[in-house]
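What follows is one structure encoded as structure tokens, with my remarks underneath.
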Amino acid sequence: MIRNRAAFFREPGASPGKGPSHGGLLSRSRCYPFVSLGRSSVPRTRMGIHMQRGRKGKRLTVAASVTEVSVDLSAEEVQLPKGDTWSVHKFGGTCVGNSQRIKNVANIIIKDPSERKLVVVSAMSKVTDMMYDLINKAQSRDDSYIFAVDNVLEKHRSTALDLLEGNDLASFLSQLDTDINNLKAMLRAIYIAGHATESFTDFVVGHGELWSAQLLSFVIKKSGVDCKWMDTRDVLIVNPTNSNQVDPDFAESENRLEKWYSQNPNNTVIATGFIASTPYNIPTTLKRDGSDFSAAIMGALLRARQVTIWTDVDGVYSADPRKVGEAVILKTLSYQEAWEMSYFGANVLHPRTIIPVRNYGIPIIIRNIFNLSAPGTMICQPADDELEDGLKLESFVKGFATIDNLALVNVEGTGMAGVPGTASAIFGAAKDVGANVIMISQASSEHSVCFAVPEKEVQAVEEALKKTFRQALDAGRLSQVQVIPNCSILAAVGQKMASTPGVSATLFDALAKASINVRAIAQGCSEYNITVVVKREDCIKALRAVHSRFYLSRTTIAMGIIGPGLIGSTLLEQLREQAAVLKEEFNIDLRVMGITGSRSMLLSEMGIDLSQWRKLLKDSGEAADLGKFVQHVHGNGFIPNTVLVDCTADSAVASHYYSWLCKGIHVITPNKKANSGPLDQYLKLRALQRQSYTHYFYEATVGAGLPIVSTLRGLLETGDKILRIEGIFSGTLSYIFNNFTGSRIFSEVVGEAKEQGYTEPDPRDDLSGTDVARKVIILARECGLKLELSDINVDSLVPKPLQTSGLTDEFMRQLPKFDQDMANKRKEAEAAGKVLRYVGVVDVTNRTGVVELRNYDNDHPFAQLSGSDNIIAFTTVRYSKQPLIVRGPGAGAEVTAGGIFSDILRLASYLGAPS
Ligand code: ADP
Ligand code: ASP
Ligand code: MG
């Protein structure tokens, strides 16, 4: 029924641009159509048109200047249906940022199945800024405002050319031209005067919304859906306040909305955001970002079912996503929480948006226009039982927000205590200079009052205070009025957080751990908010520290990888492959914050993209600096745990472990240098490890990924007594002796192992036995033997004359000369039914260690090996008859990296990850 009427009331040929309300400076009377429109007056354009009877239709005869006609006043009596049939949408600037996006918005509106829709639109993105810029340029007499106006014109003209055609296009462009000409005239006046009044400014800056609303309504009509566009200056009436805000006059706005609707009844209304009128019909605005507020007011006036605010993020995040990469979307927020979040800087929502809808319990949903699959954030009154929902910290702390560019003012003195009126005098002074006091904190001793104001207002506040308290300052009753510049506010918001024991303690603990100095604290009695003031340069760090404390899994670990060689890069690859599974299934979040080689290093604030670390290191790496590297990885301030993974074989890197552990940095390594280095340093390291909760894991130093150190530890910790550890610890030597059979000669097998990449570049590094000796010493020390590397008897397989002889090639050429010696040993062994094996032995009973070539029976497990396998036999009191044997591949990048990786996961589980 209404739809029919809507068609009927549409004025033939009328375009929105020619509608009754919209015009520029030079068409003032058209701009304020309701000035003369009382209940009995009728717009002139309707005169003479026969109107259908309204529901409560009555006829009235009015005298018009042209002729006396009978006019049906039912137009005013098409009642505005209020309630659930309406849904309100608001599209932010980015949603209507270009022609494609405007089409997209039109589609969303058309597809919304609601019976009635009111759509509030912002100006196209950046346009409001451009409009303010015009004013600034004009009033500072900068001629370039003329080009700037042309840019505004061009932006809208080209968008219209993309979207519209025919009459629609002509009508829009003609209105645009008229508006721009009016604006030019107005800006010229401002230019001459060198000043723009607030109402001039508001009139100019509101044009972005006028144009975007008209464009959108044309596009919707073009798709065959009838709609009306509304210049909200005709409907929204607001009273300016002296705090750069406006208070809606709901009663008057509702009246005007009813009237507007009675003349434009339609199920789809496209309304301008941001703009409104004063009770005297002077155009004004709801101030920056005010379109959200416009939508909420409209929602309240219509008693709508819901208000959907469409923007460019998936909803309200637990912190500004531009500042905190791991911020999470909040599914729901109470009205109060949303208000506190937005008031304290979460600009996803204008703070005043909440007030109108809360009165009617209308929910607000924040949704992402670019990701329709995201459900968004629902802001509503939580059900009573939700407030008690679990006892998790997250349910008390919803989110964090910050406000920058503040200064603290501290008024201090003994003469303040117990003197009534001091606070009022202080804040009166601030009010007199128009300063916005954002937070206040007063110690109960009443010796000081401290408050935060925007930095740009602080000078005036300081002067006003000094003036007001001149006498008190001179008399010494007040000791000082102190300004602390460069501050930021960090607010933690959450239902009941402040009254829940432990929540604020956790917050301050997180700040303390990140070394953030808190300058002032305020906790509202509302218990929804705890506000702290910090130095501006600390603000992001503080935000990340508290956010991670409440939102990150406890097992988020910042990692620094030292030495991206073969093993390091294999580890990075394994981390890349497993990262998602670990995060999703095991709640372990491993972030590689830095990778350093010996020449260059790559640092990242949020975690390196492991699929392209090589390229990043090459393109954006900086000169390697281990000190800086460690500081970066550990000093991020928002990830609770740090581990440095040393994948080098460098004793210089190993020499830092002690100081890293002292700083609370965990260390994981396959590097044998620390544990096989000087005994006193080793003992110091282990003592430190036992005292602190900082972990040092080195499983991959022996047998690569095989569980050797952990098996040994398990035996020792459960009270077994180790008698002997004997094993083939070198994959290279395992390969060589496993293949040194039949008719083969020793030098040939060594050459083959070298070719296959089983040996170090110089095979003497393997044949010398030093590497095996290092492993022996690591295990010996683990068993409590206080041995130095030099205490191990090592039977080197490098013939004496070749030990120092020249280059690798020379060594390989000379080696065949000594084949006979080795062949003899083999023959001897074979004759006795045995095989040769190069082993390391820890004789715990005799407190010695040895590395040598030994003979083993053909049926001994050591004789059964193949390839480059390691095998280690633990003979203990419990395993005395049959040793406990660990066997498997004990060399190679994959398995070594796997060993390191499993240490990392062990660390994660020590730190609280689920097992
Ligand atoms: P619109 O033009 O749609 O009104 P705004 O720029 O006003 O968009 O608000 C959306 C922006 O708010 C997001 O792009 C985001 O960067 C920022 N923002 C700040 N804090 C938050 C938060 N806690 N949750 C979501 N977005 C936030
Ligand atoms: N266009 C206005 C602004 O940018 C209002 C809004 O988009 O919310 O401030
Ligand atoms: Mg906004």
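Just so it is clear, the values below take in all heavy atoms, side chains as well, and ignore hydrogens, waters and symmetry mates. As the structure is a computational prediction, the values presented were derived from the model and not from experiment.
Judged by distance alone, with hydrogens and angles left aside, the side-chain atoms of H207 form a donor-acceptor pair with the main-chain N or O of V204 at under 3.5 Å. Looking at S253, its side chain never comes within 3.5 Å of a backbone N or O of L236 through a donor-acceptor pair. A donor-acceptor contact shorter than 3.5 Å is absent between the side chain of K90 and the backbone of S291. S294 places a side-chain N or O within donor-acceptor distance of the main-chain N or O of F274, the cut-off being under 3.5 Å. R116 places no side-chain N or O within donor-acceptor distance of the main-chain N or O of S87, the cut-off being under 3.5 Å. A donor-acceptor pair is defined here as one N or O able to donate and one able to accept, closer than 3.5 Å; such a pair exists between the side chain of W86 and the backbone of P81. Under the 3.5 Å distance criterion, the side-chain polar atoms of T285 are matched with a main-chain donor or acceptor of K287. In terms of modelled atom types and a separation under 3.5 Å, the side chain of K228 and the main chain of S217 share no donor-acceptor contact. With hydrogens and angles ignored, the 3.5 Å screen pairs a side-chain donor or acceptor of S212 with a backbone N or O of S122. Checking side-chain atoms of S277 against main-chain N and O of R233 turns up a donor-acceptor pair under 3.5 Å.
Listed by chain and residue number, E254, E258 satisfy the side chain to side chain donor-acceptor pair (under 3.5 Å) test with K82 (two or more places apart in sequence, or in another chain). Take D177 and apply the side chain to side chain donor-acceptor pair (under 3.5 Å) test, not counting sequence neighbours, and it matches no residue. For N239, there are no side chain to side chain donor-acceptor pair (under 3.5 Å) partners at least two apart in sequence or on another chain. Remark: Y360 engages A300, R303, I362 in a side-chain contact (heavy atoms from CB on, under 4.5 Å) (not counting sequence neighbours). For T278, there are no side chain to side chain donor-acceptor pair (under 3.5 Å) partners, not counting sequence neighbours.
Considering only heavy atoms from C-beta on, L286 comes within 4.5 Å of I297 through its side chain. At a threshold of 4.5 Å between non-hydrogen side-chain atoms, the residues T128 and R288 count as touching. Taking 4.5 Å as the limit, every side-chain heavy atom of F451 sits out of range of all side-chain heavy atoms of M439. In this structure the side chain of I146 never reaches within 4.5 angstrom of the side chain of R188, judged on heavy atoms. Contact of the I365 side chain with the V307 side chain is not registered, since no non-hydrogen atoms from C-beta on lie closer than 4.5 Å. Residues L173 and L164 have side chains not in contact (no heavy-atom distance under 4.5 Å, counting atoms from C-beta outward). Annotation: side chain of F91 is in contact with side chain of I109 (closest heavy-atom distance under 4.5 Å). Side chains of I369 and I108 form a contact here, defined as non-hydrogen atoms less than 4.5 Å apart.
A side-chain donor-acceptor contact under 3.5 Å links T272 and T232. Remark: the D142 side chain and the S144 side chain contain an N/O donor-acceptor pair separated by less than 3.5 Å. Of the N and O atoms on the side chains of T284 and D202, at least one donor lies less than 3.5 Å from an acceptor on the other residue. Counting only N and O atoms by type, the side chains of D179 and W211 include a donor and acceptor under 3.5 Å apart. If you check the side chains of N529 and E340, you find a donor sitting under 3.5 Å from an acceptor. With 3.5 Å as the limit, one finds no donor-acceptor pair spanning the side chains of D289 and N347. Side-chain polar atoms of D292 and T353 form no donor-acceptor pair below 3.5 angstrom. Inspection of the T308 and R367 side chains reveals no N or O donor paired with an N or O acceptor under 3.5 Å.
Atom OG of residue S334 and atom CD1 of residue I354 lie 8.5 Å apart, to the nearest 0.5 angstrom. Residue Y191 holds its OH atom at 13.0 Å from CD of Q139, rounded to the nearest 0.5 Å. Separation of atoms CG (L216) and NZ (K221) is listed at 11.0 Å; rounding is to 0.5 Å. Note that the CG atom of L465 and the CD atom of E463 stand 10.5 Å from one another [nearest 0.5 Å]. The line from CD of Q263 to CG of D234 is 9.5 Å long, rounded to the nearest 0.5 Å. The CD1 atom of I237 sits 12.5 Å away from the CZ atom of F250 when rounded to the nearest 0.5 Å.
Ionic pairing of D150 and K184 is present here: one or more N-O contacts between side-chain nitrogen and carboxylate oxygen are shorter than 4.0 angstrom. Salt-bridge annotation for R101 and D312: absent, with no side-chain N of the basic residue lying under 4.0 Å from a carboxylate O of the acidic one. For the pair R256 and E252, the salt-bridge criterion is met [side-chain N within less than 4.0 Å of a carboxylate O].
No more than 12 heavy atoms of other residues, nucleotides or ligands shown are found within 6.0 angstrom of NZ on K126. Within 6.0 Å of atom CG in N436, more than 12 heavy atoms from other residues, nucleotides or ligands are found, so the atom counts as buried in its surroundings.
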Legend entry - Verdict with reasoning, H89 to D112, per side chain to side chain donor-acceptor pair (under 3.5 Å): CA-CA 10 Å; H89 293 266; D112 173 11; 2.7 Å; yes

Legend entry - N264 vs V269, side-chain contact (heavy atoms from CB on, under 4.5 Å): CA-CA, chis, key distance, verdict: CA-CA 9 Å; N264 303 276; V269 177; over 6 Å; no

Legend entry - Stepwise side-chain contact (heavy atoms from CB on, under 4.5 Å) check, F203 with I282: CA-CA 8 Å; F203 176 77; I282 307 294; over 6 Å; no

Legend entry - Derivation and outcome, side chain to side chain donor-acceptor pair (under 3.5 Å), residues R305 and S114: CA-CA 9 Å; R305 183 167 46 86; S114 309; 2.8 Å; yes

Inset, instruction - Using the side-chain contact (heavy atoms from CB on, under 4.5 Å) rule, take E455 and L406 through it: C-alpha gap first, then chi angles, then the decisive distance, then the call. - result: CA-CA 4 Å; E455 196 116 53; L406 298 178; 6.0 Å; no

Inset, instruction - Verify side-chain contact (heavy atoms from CB on, under 4.5 Å) between M230 and L257, making sure each step is shown before the conclusion. - result: CA-CA 10 Å; M230 174 198 281; L257 178 63; 3.5 Å; yes

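Considering all non-hydrogen atoms of both residues, G206 and I275 come closest at CA-CG2, 3.4 Å. Looking at every heavy atom in both residues, S342 comes nearest to P351 through OG-CA, 3.1 Å. The minimum heavy-atom distance linking A160 with L169 is given by the pair O-CD1, 3.5 Å. The two residues V120 and G273 make their nearest non-hydrogen contact at CG1-CA, 3.4 Å. Shortest non-hydrogen contact noted between K155 and V127 is CE-CG2, 3.7 Å. E337 approaches V493 most closely through the heavy-atom pair O-CG1, 3.5 Å.
Sorted by first then second residue, the ring pair (Phe, Tyr, Trp, His ring centres under 6.0 Å) pairs that include residues 338-357, not counting sequence neighbours, are F293-H350, W339-Y343.
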